[in-house]
Enquirer: 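Provided herewith is a single structure, encoded as structure tokens, for subsequent inquiry.
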Amino acid sequence: MRALRVASLALAGTAAALALGAPAALAEDEGTVSSFGFTVSPEDVEPGGTVTLNATECESPTVTASSGVFDTVTLSEGLPATATVFEDAKPGAEYDVTFDCEGEKGTTTLSVGAAGVPHTTPSAGTHTGPTHAPSGLTKPGGGVQAGSGGSLSGLSPTQIALGSLLVAGAVGGGVVMLRRRAGDGV
């Protein structure tokens, strides 16, 4: 009878671990985290104006930057590049600028203002990875982009579930063994 209670408890623990662990495992596949930094400067430009694009810490020597408001630009060896905004860009509109580093993408916004509008500071992007200011290419304060340590990368939700089940079974078996020994007077 005790074994049934322990097994039920182990099963409930495994279900709870899966319920808490599966969303985290699936979130990693969404690609919301960028491991490279990027900026667009200025973030507000007039039609026909020029923007400076910058991407750093990409493993690939080339990064592409694309938007609906300028032609696709290739940045080489971590050096900045410039793009000319189309003359027919609509003033007051905002355009996404997408940086692609070996298939990993990060996005920031470029606003098109009317002629004579003063330019503002560089955009920091909407990703959760590091950002860099184009002037000195300095990193902001914050945590290290250390990844998942190698032991967890590439695990599927099925593998996580199997591992959780094995751990729960081992813990449940250990509890049963300890309870039996305690009942024997050892």
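Computation of the quantities below employed the complete heavy-atom set of this structure, encompassing side-chain atoms and omitting hydrogens, waters and symmetry-equivalent molecules.
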Enquirer: Partners of A170 by side chain to side chain contact (heavy atoms under 4.5 Å, CB included), sequence neighbours excluded?
Expert: none
Enquirer: If we only count heavy atoms from C-beta on, is the T82 to V51 side-chain gap below 4.5 Å?
Expert: no
Enquirer: Rounded to the nearest 0.5 Å, what separation is found between the CG atom of D100 and the OG1 atom of T74?
Expert: 10.0 Å
Enquirer: How long is the straight-line distance from CD of E102 back to OG1 of T62, given to the nearest 0.5 Å?
Expert: 8.0 Å
Enquirer: What are the two closest heavy atoms between D44 and G113, and how far apart are they?
Expert: OD1-N, 3.2 Å
Enquirer: Do P47 and P91 come within less than 4.5 Å of each other through their side chains, counting heavy atoms only?
Expert: yes
Enquirer: T84 and F70: which non-hydrogen atoms are nearest, and at how many Å?
Expert: O-CB, 3.3 Å
Enquirer: Going from SG on C58 to CZ on F99, what distance comes out if it is rounded to the nearest 0.5 angstrom?
Expert: 11.5 Å
Enquirer: Enter the distance from S67:OG to E94:CD here, rounded to the nearest 0.5 Å.
Expert: 11.5 Å
Enquirer: Looking at CD of E104 and CZ of F36, how far apart are the two atoms once the value is rounded to the nearest 0.5 Å?
Expert: 5.5 Å
Enquirer: Flag the pair L110 / V69 as yes when at least one side-chain heavy-atom distance between them is below 4.5 Å, and no otherwise.
Expert: yes
Enquirer: Is there a side-chain contact between T56 and N54 (heavy atoms, below 4.5 Å)?
Expert: yes
Enquirer: Between V73 and F86, is there a shared hydrophobic cluster once you connect ILVMFWY residues whose side-chain heavy atoms come closer than 4.5 Å?
Expert: no
Enquirer: Are the side chains of Y95 and V112 in touch, meaning some heavy atoms are under 4.5 Å apart?
Expert: yes
Enquirer: Using a 4.5 Å cut-off on heavy atoms from C-beta on, say whether the side chain of D96 contacts that of T109.
Expert: yes
Enquirer: With a 4.5 Å limit on heavy-atom distance, are the side chains of F38 and L53 in contact?
Expert: no
Enquirer: Can you pull the disulfide (SG to SG under 2.5 Å) pairs that have at least one residue in residues 59-92, sequence neighbours excluded?
Expert: none
